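Values in this document were obtained by computation on a predicted structure and should not be read as measured data. Protein chains get the first letters and strands the later ones, always in sequence-line order, with residue 1 at the start of each.
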Amino acid sequence: MKLTRIKGFSDVLPGEVETWQRIEDAAERVFAGYNFKEIRIPVLEKAELFSRSLGESTDVIEKEMYTFADRDAKATLLSLRPEGTAGVVRAYGEGQLHQAEPVRKLYYLGPMFRRERPQKGRLRQFHQIGAEVFGRTDPFIDAELLLLLRDLWEELGVAGTVLEVNSIGCAQCRPGYRAALVAFLEGHREELCADCDRRLERNPLRVLDCKRESCAGIVTAAPSIRSHLCAECRDHFDTVLGLLKELRPEPVVNERLARGLDYYCRTTFEWKAGEGLGSQNTVAAGGRYDGLVQSLGGPPVAGVGFALGVERLALLLSTDEAGGPAAPLLYLAWMGEEAQRWTFALAHRLRRRGLRVDLEGESRSLKSQMRRADKLGAGAVLIVGPDEMTNGKALIRDMATREQTEVDFADVDNTLVSLRERADQVSG
RNA sequence: GUGAGUGUAGCUCAAUUGGUUAGAGCACUGGACUGUGGCUCCAGGGGUUGAGGGUUCAAGUCCCUUCACUCACCCCA
């Protein structure tokens with residue numbers, strides 16, 4: 001093939017797509033139980049929306065966004081969305097959603113785009129399922145989101161995940177902590193790795209979760225975020241932890257858990273996979289972003305949310321490939337042009353009555369048609385050849401029992417429909 | 001953006017120190033059974049050995065370039 005997909009963009013082929021459907025179905029069920037409503041937002045937005053919300057100097061903005069000039073006279077810069085929160089926040093403010101009802105629980109799913117080097121669990125077009133809650137400042141909603149995710153894992157049969165939580169403070173207390181942390185790290189500057197030296201300037205909290213042992217050693221002695229939280233932030237975090245007590249597995253407080261995007265405050269969390277994901281092992285992550293809506297020109301309402309990576313979740317599920325139980329297939333085997341035309345019309349009638357039906361388009365031996373029926377997993381095969389056409393009777397073969405019965409053409413439709421209904425009752 | 005690894009049939013893999021016409025299993029198609037599936041047996045189709053160049057009497061094999069993929073770093077869901 002000369003025309004191939006572009007790097008980091010992948011096809012989801014039949015066989016794998018069932019896993020995605022399972023994830024999406026489960027997510028929709030769980031969201032419904034928590035009274036979330038779906039929102040659908042554009043894939044393309046003004047570039048400014050993302051630079052204002054994610055932070056000008058984040059890697060996502062600086063080097064990972066697909067940004068290009070529109071064809072209008074002003075050549076407006078547009079970007080393929082690298083994440084979902086900014087767009088949802090924009091829609092919430094623009095649609096004046098807070099006027100009618102300030103508290104909104106929204107979810108979305110769809111493709112996101114970041115031009116990174118692909119690796120396991122990371123593509124340039126990847127898919128997220130996300131949730132955003134507006135107008136709730138209380139810690140109960142933070143906990144509710146985490147319980148929702150836990151329910152989703154349970155619904156999907158995902159095991160071995162670990163929840164890490166932290167509080168990174170608010171606009172009042174974080175600057176103080178940041179200053180204390182920077183002061184501490186400055187004292188160890190020579191011992192830090194080159195990456196951390198850069199982090200110190202750009203996002204000092206990121207030094208805390210450096211993977212290098214040398215840096216991790218230094219960081220153990222660093223000032224603790226928890227001791228720098230203001231009274232309100234500490235109360236909020238303690239309440240969240242208290243509400244999560246019954247969560248299995250119990251969350252791990254990780255004071256070194258930072259966030260890459262600028263808009264987060266207070267509660268942050270990451271849900272990590274135990275095995276099967278390689279180094280990109282965060283399945284879902286999120287946190288609180290109380291000032292974001294207002295900073296984008298919306299009303300002063302609080303926000304909390306998360307996003308989960310569908311590809312990563314699919315990697316965790318693909319091992320136990322329990323495909324959804326599709327309706328049993330009825331296969332129509334025909335021989336001769338007359339029978340072909342007759343079965344073609346029959347197939348259409350049966351499909352309109354809800355049956356799953358298939359048949360060949362070109363003449364093949366009955367043997368090969370039977371082989372195909374078997375391979376396709378047909379529950380029953382209808383056989384019509386020249387003999388049946390002259391007799392006005394068709395053969396129905398039950399593939400499991402190998403029993404065949406003869407049915408008048410006049411009764412074929414109803415017989416097949418009731419056969420299917422009986423099969424549904426047995427399996428359902 | 002940085003580093004490492006891997007490219008042979010649709011898939012998983014062979015091919016001796018460089019040596020004839022690049023093989024096998026699975027899958028696919030057909031037949032054994034002129035109108036009946038799973039098992040078995042037989043046969044068949046399918047390859048620019050990722051691409052381009054070089055060395056050599058001779059390259060899947062050695063060298064160079066390039067492309068693709070994979071993993072890790074960075075970053076992040």
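- Non-hydrogen atoms lying under 4.0 Å from RNA chain B are contributed by nothing in residues 37-50 of chain A.
- In this view, A:Glu201 and A:Arg189 satisfy the salt bridge (charged side-chain N to carboxylate O under 4.0 Å, His left out) rule, not counting sequence neighbours.
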Next item on the list: Given ring-ring contact (aromatic ring centres under 6.0 Å, His included), test A:His348 with A:Phe344 step by step and report yes or no.
Entry: CA-CA 7 Å; A:His348 184 239; A:Phe344 179 78; 7.8 Å; no
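- B:rA15 and B:rG47 have their C1' atoms separated by 14 Å, given to the nearest Å.
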Side chains of residues 207-221 of chain A: which donor-acceptor pairs under 3.5 Å do they make with residues two or more places apart or in other chains?
{"unit_1": "A:Asp209", "atom_1": "OD2", "unit_2": "A:Arg206", "atom_2": "NH1", "d": "3.1"}
{"unit_1": "A:Thr220", "atom_1": "OG1", "unit_2": "A:Gly217", "atom_2": "O", "d": "2.5"}

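- B:rA77 atom P lies 17 Å from atom CD of A:Gln125, rounded to whole Å.
- Among the heavy atoms of the strands lying under 4.0 Å from A:Val283 are primed sugar atoms or P, OP1, OP2 only; no base atom is included.
- Residues that satisfy the salt bridge (charged side-chain N to carboxylate O under 4.0 Å, His left out) test with A:Lys63, not counting sequence neighbours, are A:Asp59.
- Across the C1' atoms, B:rU6 and B:rC42 are found 38 Å apart, a figure rounded to whole Å.
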Next item on the list: Classify every nucleotide of nucleotides 32-46 of chain B by which part a protein heavy atom approaches to under 4.0 Å, writing B for the base, S for the sugar-phosphate alone and - for neither, in 5'-to-3' order.
Entry: -B-BBBB--------
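- For A:Glu83 and B:rA77, the CD to P distance is 8 Å, given to the nearest whole Å.
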Please list every donor-acceptor pair under 3.5 Å in which a side-chain atom of residues 148-160 of chain A meets a protein atom from a residue at least two apart or in another chain.
{"unit_1": "A:Asp151", "atom_1": "OD2", "unit_2": "A:Tyr34", "atom_2": "OH", "d": "2.5"}
{"unit_1": "A:Glu155", "atom_1": "OE2", "unit_2": "A:Arg29", "atom_2": "NE", "d": "2.6"}
{"unit_1": "A:Glu155", "atom_1": "OE2", "unit_2": "A:Arg29", "atom_2": "NH2", "d": "2.7"}

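- Straight-line distance between the C1' atoms of B:rU2 and B:rG46: roughly 41 Å, to the nearest whole Å.
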Under-3.5 Å N/O pairs linking protein and nucleotides 71-75 of chain B:
{"unit_1": "B:rC71", "atom_1": "OP2", "unit_2": "A:Lys120", "atom_2": "N", "d": "2.9"}
{"unit_1": "B:rA72", "atom_1": "OP1", "unit_2": "A:Ser279", "atom_2": "N", "d": "2.8"}
{"unit_1": "B:rA72", "atom_1": "OP2", "unit_2": "A:Gln119", "atom_2": "NE2", "d": "3.1"}
{"unit_1": "B:rC73", "atom_1": "OP1", "unit_2": "A:Lys211", "atom_2": "NZ", "d": "2.7"}
{"unit_1": "B:rC73", "atom_1": "OP2", "unit_2": "A:Ser279", "atom_2": "OG", "d": "2.7"}
{"unit_1": "B:rC73", "atom_1": "N4", "unit_2": "A:Arg122", "atom_2": "NH2", "d": "3.4"}
{"unit_1": "B:rC74", "atom_1": "N3", "unit_2": "A:Arg122", "atom_2": "NH1", "d": "3.4"}
{"unit_1": "B:rC74", "atom_1": "N4", "unit_2": "A:Gln119", "atom_2": "OE1", "d": "3.3"}
{"unit_1": "B:rC74", "atom_1": "N4", "unit_2": "A:Arg122", "atom_2": "NH1", "d": "2.3"}
{"unit_1": "B:rC74", "atom_1": "N4", "unit_2": "A:Arg122", "atom_2": "NH2", "d": "2.8"}
{"unit_1": "B:rC75", "atom_1": "OP1", "unit_2": "A:Arg199", "atom_2": "NE", "d": "2.8"}
{"unit_1": "B:rC75", "atom_1": "OP1", "unit_2": "A:Arg199", "atom_2": "NH2", "d": "3.3"}
{"unit_1": "B:rC75", "atom_1": "OP2", "unit_2": "A:Arg199", "atom_2": "NE", "d": "3.4"}
{"unit_1": "B:rC75", "atom_1": "OP2", "unit_2": "A:Arg199", "atom_2": "NH2", "d": "2.1"}
{"unit_1": "B:rC75", "atom_1": "O2'", "unit_2": "A:Glu64", "atom_2": "OE2", "d": "3.3"}
{"unit_1": "B:rC75", "atom_1": "O2", "unit_2": "A:Glu116", "atom_2": "OE2", "d": "2.8"}
{"unit_1": "B:rC75", "atom_1": "O2", "unit_2": "A:Arg122", "atom_2": "NH1", "d": "2.9"}
{"unit_1": "B:rC75", "atom_1": "N3", "unit_2": "A:Arg122", "atom_2": "NH1", "d": "3.2"}
{"unit_1": "B:rC75", "atom_1": "N4", "unit_2": "A:Gln280", "atom_2": "NE2", "d": "3.3"}

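- Note: CZ (A:Phe126) to C1' (B:rC76) measures 8 Å, nearest angstrom.
- The pair A:Asp25-A:Arg22 does not count as a salt bridge, with every side-chain nitrogen at least 4.0 angstrom from each carboxylate oxygen.
- Note: NE2 (A:His127) to C1' (B:rA77) measures 13 Å, nearest angstrom.
- The nearest heavy atom of RNA chain B to A:Ala285 and to A:Arg5 marks one nucleotide each, and the one closer to the 5' end goes with A:Arg5.
- With hydrogens and angles left out, the side-chain atoms of A:Ser279 and A:Gln119 include a donor and acceptor closer than 3.5 Å.
- Contacts of A:Tyr92 classified as ring-ring contact (aromatic ring centres under 6.0 Å, His included), with partners at least two apart in sequence or in another chain: A:Phe134.
- Distance noted for atom P between B:rC13 and B:rU70: 16 Å (whole Å).
- Rounded to the nearest Å, the gap between the C1' atom of B:rA72 and that of B:rU20 is 44 Å.
- Ring geometry for A:Tyr264 against A:Tyr289 counts as perpendicular: the plane angle is over 60°, on a 0 to 90° scale with 30° as the lower cut.
- A:Ser368 comes within 4.0 angstrom of sugar-phosphate atoms only, judged by non-hydrogen atoms across all strands, and of no base.
- Taking atom P on both nucleotides, B:rG53 is separated from B:rA43 by 39 Å, rounded to a whole Å.
- Between the P atoms of B:rC69 and B:rG31, the separation comes to 41 Å (whole Å).
- Rounded to whole Å, the separation between the P atoms of B:rG5 and B:rA58 comes to 31 Å.
- Among the duplex regions that RNA chain B forms, those built from at least three successive Watson-Crick or G-U pairs under 3.5 Å are B:1-7 with B:67-73, B:10-13 with B:23-26, B:28-32 with B:40-44, B:50-54 with B:62-66, ordered by first number.
- When ring centroids are compared, A:Tyr107 and A:Phe36 stay outside the 6.0 Å threshold.
- The CZ-C1' distance, from A:Arg124 to B:rC76, rounds to 14 Å in whole Å.
- Side chain of A:Gln340 to backbone of A:Gly361: a donor-acceptor contact under 3.5 angstrom is found.
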Note to self: For a ring-ring contact (aromatic ring centres under 6.0 Å, His included) check, start with the C-alpha distance between A:Phe306 and A:Trp271, then their side-chain angles and the critical distance, and finish with the verdict.
What the structure shows: CA-CA 10 Å; A:Phe306 67 77; A:Trp271 220 301; 9.0 Å; no
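- Partners of A:Tyr177 according to the ring-ring contact (aromatic ring centres under 6.0 Å, His included) rule, which considers only residues two or more places apart in sequence or in another chain, are A:His228.
- When rounded to the nearest whole Å, the span between NZ of A:Lys7 and C1' of B:rA68 equals 7 Å.
- Residues forming a side-chain contact (heavy atoms from CB on, under 4.5 Å) with A:Leu366 (at least two apart in sequence, or on another chain): A:Ala333, A:Met335, A:Met370, A:Ile383.
- Residue A:Ala373 is out of contact with every strand shown, counting any heavy-atom pair closer than 4.0 Å.
- Rounded to whole angstrom, the span from the CZ atom of A:Arg114 across to the C1' atom of B:rA77 amounts to 7 Å.
- One can place CZ of A:Arg115 at 18 Å from P of B:rC76, the figure rounded to the nearest angstrom.
- Here A:Arg199 pairs with nothing under the salt bridge (charged side-chain N to carboxylate O under 4.0 Å, His left out) rule; sequence neighbours left out.
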